[in-house]
There are 2 protein chains.
Amino acid sequence: MRTTIREVAREAGVSPSTVSRALSMPGLVNSVTRERVLRAAQRLGYEPNRAARGLITGKTGNLGLIVPDLANPFFPSLVKGVQARAREADYAVFLADSDEDPAAESDLVRVLAKQVDGLILCSPRGREEDILTLAATTTLVMVNRRFGRVPSVVFDNSDGIGQAVAHLAALGHKRVGWVGGPRASWSDRDRIRALRAATAAAGMDLYVAGHFPPQFEGGVAAADLIVAAGVTSVIAYNDVMALGLLGRLRDRGLRVPQDISVIGIDDIQMSSMSSPTLTTVSLAKEQAGRAAVDLLLSLLERPDGVRKPRRELPTQLLVRGSTGVAPTD
Amino acid sequence: MRTTIREVAREAGVSPSTVSRALSMPGLVNSVTRERVLRAAQRLGYEPNRAARGLITGKTGNLGLIVPDLANPFFPSLVKGVQARAREADYAVFLADSDEDPAAESDLVRVLAKQVDGLILCSPRGREEDILTLAATTTLVMVNRRFGRVPSVVFDNSDGIGQAVAHLAALGHKRVGWVGGPRASWSDRDRIRALRAATAAAGMDLYVAGHFPPQFEGGVAAADLIVAAGVTSVIAYNDVMALGLLGRLRDRGLRVPQDISVIGIDDIQMSSMSSPTLTTVSLAKEQAGRAAVDLLLSLLERPDGVRKPRRELPTQLLVRGSTGVAPTD
DNA sequence: ATGAAAGCGCTAACAG
DNA sequence: CTGTTAGCGCTTTCAT
């Protein structure tokens, strides 16, 4: 059996409450007694039972993190960030993967919500209604999505896409294609909005290839449309799709970047390992995880005192091998 | 406030104990009463407080999972498997990423161990001594490592590497190179042992390029040694390294598979997306996660009743574009 | 088959 | 500054 607060109390010759105080509110205890208690606790290897503490304080010391698909290389980085920051703040993290299934997601939320102080939710496609209901009951932070007054952490897509378009314009490109992700995804909408604005401002033509699954295969599928559209450059919803594009373009006999320039978004590891390496809009994913935790913790401290519960994280274009000057035919 | 067992009791016109029984040991309650209770619980959206339950039963209903680096594409799949199986069994999962740092790992273990019923540990390089100490206190299952009597889930590396060597032999290769992972890794030792046996049996020459970090860069670094060694085929510790090899070999002007054949291990997503696609020994990663949970649960049920607390998961060579007949010069 | 009572380990009033 | 008391929500004897 684990040592309990009583045993420590006996060992130190004080009452359990004093032990409790010495550990949680050291200021309220005589320094001599405190020392004695701490040493006793040390000696016995005492660790407070968090469940018991939680029962009375109403706080669990746990956070929940729900992601749609850990196999998507975007998420591991985010999870690492959440992890790291949570650990610093002495919180443990429940992780759940909804497998892109909204129903499973609701279940997970319901189960997890009981055992955590707050929830970080990546639900690009869940119903707004459901999320609002949830937000009413639980302290939660959304990642990669924004609506209503729900606290959120998102990336500054406008900036990143602006940089990408400026880069292409500087290389002499006049026509750019867009390979979209899931229609229902908030990021997709945000990104295409930014792209419309940026290309219009730069006087470039924009060809939208439509929506595709945010996988390698999605990029493969889009490639032929892109080729047919005759654009000299293309931006994809994410890096995985851009890599799919790259593969199919090569198979079609097109050279990247001589014949067509390709840009991705995310900066996943593989984007620097492909051939050619992929020019991409880098997202500070780990930082986003940390920011989400920070936001959540501040929300927990002062439930309504956070004026603007929104964070927007920087993005940065990384120019690599897949972009070059526009073909001059 | 969440609804408590008392409110359900009042709503159903019974005592709290009856509610408890109706939920946890339905057999002990009159079926009519039980129905009434269940409906009341339903109506009030009652969910038992796990912490409170745990306080008395001594079980938390949580599992812990510690991985060295979620950014390594091997782990997300494993995590997904653990997740999925745990959810089915109504367990929640604490995830922790030790960032390849043994010290952080010990901390995590210590913190998590208190809040879970059992632990799944991926610690390719942690000290055996530390793990044994831990295993004495906590119910735990190791993944990808095996020693002593510690329960474990590993892959059948012998089989997979045997298949790979047979494949190369069938293609006429006589000399095979090995690009090793971390020296301290159990898997690395297991794999090279298997490789030594298989090549010897097949009468092939084996060139060992040494140990490298299990990253893309490790493969890149090994490539030149491999070229210099003059082998016609090479097997890498994992897919990420094999992709690094592929990249560097291409940069050196070698054609894969015409000049040299390359085989990886893991079957990560990217291995089917590279060019050429990567022949690889596929590991049932999700299944390993599920198996680890299964093993852990059976250990929790009958602490000493599990005769052989070891699982060995199948491996399967996937032949793709990076292997071909040996050059005939 | 059901209820009353006790208590898991801890913290938070309330006294002193 | 410290001890006593009560009780968080639940399960589990022990009665009935």
Side-chain angles (χ1 to χ4, degrees), chain A residues 1-41 44-62 90 92 110-117 137 300, chain B residues 1-41 44-62 90 92 111 113-117:
Chain A
M1 206 56 214
R2 284 177 47 189
T3 54
T4 107
I5 201 172
R6 273 218 247 292
E7 313 178 39
V8 179
R10 192 173 335 125
E11 175 86 6
V14 297
S15 80
S17 358
T18 302
V19 176
S20 175
R21 287 191 198 99
L23 263 42
S24 311
M25 347 176 63
L28 296 186
V29 161
N30 180 301
S31 60
V32 181
T33 336
R34 188 191 328 140
E35 263 317 305
R36 193 147 35 95
V37 169
L38 292 183
R39 269 210 309 284
L44 271 50
Y46 171 72
E47 290 266 1
N49 178 328
R50 286 185 168 220
R53 173 183 292 175
L55 202 52
I56 178 156
T57 62
K59 309 235 149 283
T60 61
N62 299 326
D90 206 28
R110 198 147 4 102
V111 174
L112 277 193
K114 317 284 176 184
Q115 314 189 55
V116 301
D117 297 335
T137 336
L300 288 172
Chain B
M1 207 56 215
R2 283 179 47 188
T3 54
T4 106
I5 201 172
R6 274 217 245 292
E7 312 178 40
V8 179
R10 192 174 333 125
E11 176 86 6
V14 297
S15 79
S17 353
T18 303
V19 176
S20 174
R21 289 191 196 101
L23 264 41
S24 311
M25 345 176 63
L28 297 185
V29 161
N30 179 301
S31 59
V32 181
T33 335
R34 190 195 322 144
E35 264 316 307
R36 194 146 36 96
V37 170
L38 292 182
R39 269 210 309 283
L44 270 49
Y46 171 72
E47 291 265 2
N49 179 327
R50 287 184 167 220
R53 173 182 291 176
L55 202 52
I56 178 156
T57 61
K59 308 235 151 283
T60 61
N62 299 143
D90 205 29
V111 174
K114 317 283 176 186
Q115 313 189 57
V116 301
D117 296 336

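So that the names make sense, note that chain A is the first sequence line, chain B the second, and so on, each numbered from 1.
Closest to the side chain of R6(A), from the set dC8(C), dC14(C), dT12(D), is dC8(C).
Axis angle between the ends of the helix from dA1(C)-dT16(D) to dG16(C)-dC1(D), five pairs each and rounded to 10 degrees, works out to 40°.
Near DNA chain D, meaning a heavy atom under 4.0 Å away, the residues from residues 27-38 of chain A are L28(A), V29(A), N30(A), T33(A). For the segment residues 44-62 of chain A, residues with any heavy atom less than 4.0 angstrom from an atom of DNA chain D are, sorted by number, L55(A), I56(A). DNA chain C is contacted by S17(A) of residues 9-19 of chain A, taking any non-hydrogen atom closer than 4.0 Å.
Protein atom CD of E7(A) is 11 Å distant from nucleotide atom C1' of dG9(C), rounded to whole Å. In this structure, M25(B) atom CE and dT13(D) atom P are separated by 9 Å, rounded to whole Å. Protein atom CG of L23(A) is 13 Å distant from nucleotide atom C1' of dG9(C), rounded to whole Å. Between the P atom of dA4(C) and the CD1 atom of I5(B) lies a distance of 14 Å, rounded to the nearest Å.
Legend: salt bridge (Lys or Arg N to Asp or Glu O under 4.0 Å) pairs involving residues 22-41 of chain A, not counting sequence neighbours, sorted by first then second residue: E35(A)-R39(A).
Counting all heavy atoms, side chain and backbone alike, L23(A) lies closest to P48(A) at CD2-CG, 4.4 Å. V32(A) and N30(A) make their closest contact through N-OD1, 2.7 Å (heavy atoms, listed as atom of the first residue, atom of the second, distance). The shortest non-hydrogen separation linking E7(B) to T3(B) is OE2-CA, 3.5 Å. In terms of heavy-atom proximity, Y46(B) sits nearest to T4(B) at CE1-C, 3.6 Å. Here the closest non-hydrogen pair linking A22(B) and V37(B) is CB-CG1, 3.7 Å.
To the nearest 0.5 angstrom, N49(A) atom CG is 9.0 Å from Q115(B) atom CD. With rounding to the nearest 0.5 angstrom, the CG atom of L55(A) is 12.0 Å from the OG1 atom of T60(A).
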Sequence neighbours left out, cut at 3.5 Å: what donor-acceptor pairs do the side chains of residues 11-19 of chain B make with other protein atoms?
from: E11(B); atom 1: OE2; to: R43(B); atom 2: NH1; distance (Å): 2.3
from: S15(B); atom 1: OG; to: S17(B); atom 2: N; distance (Å): 3.4
from: S15(B); atom 1: OG; to: S17(B); atom 2: OG; distance (Å): 3.3
from: S15(B); atom 1: OG; to: T18(B); atom 2: N; distance (Å): 3.4
from: S15(B); atom 1: OG; to: T18(B); atom 2: OG1; distance (Å): 3.4

Q) Would N62(B) and R50(B) satisfy side-chain contact (heavy atoms from CB on, under 4.5 Å), going step by step from the backbone distance to the final call? A) CA-CA 10 Å; N62(B) 299 143; R50(B) 287 184 167 220; 4.2 Å; yes
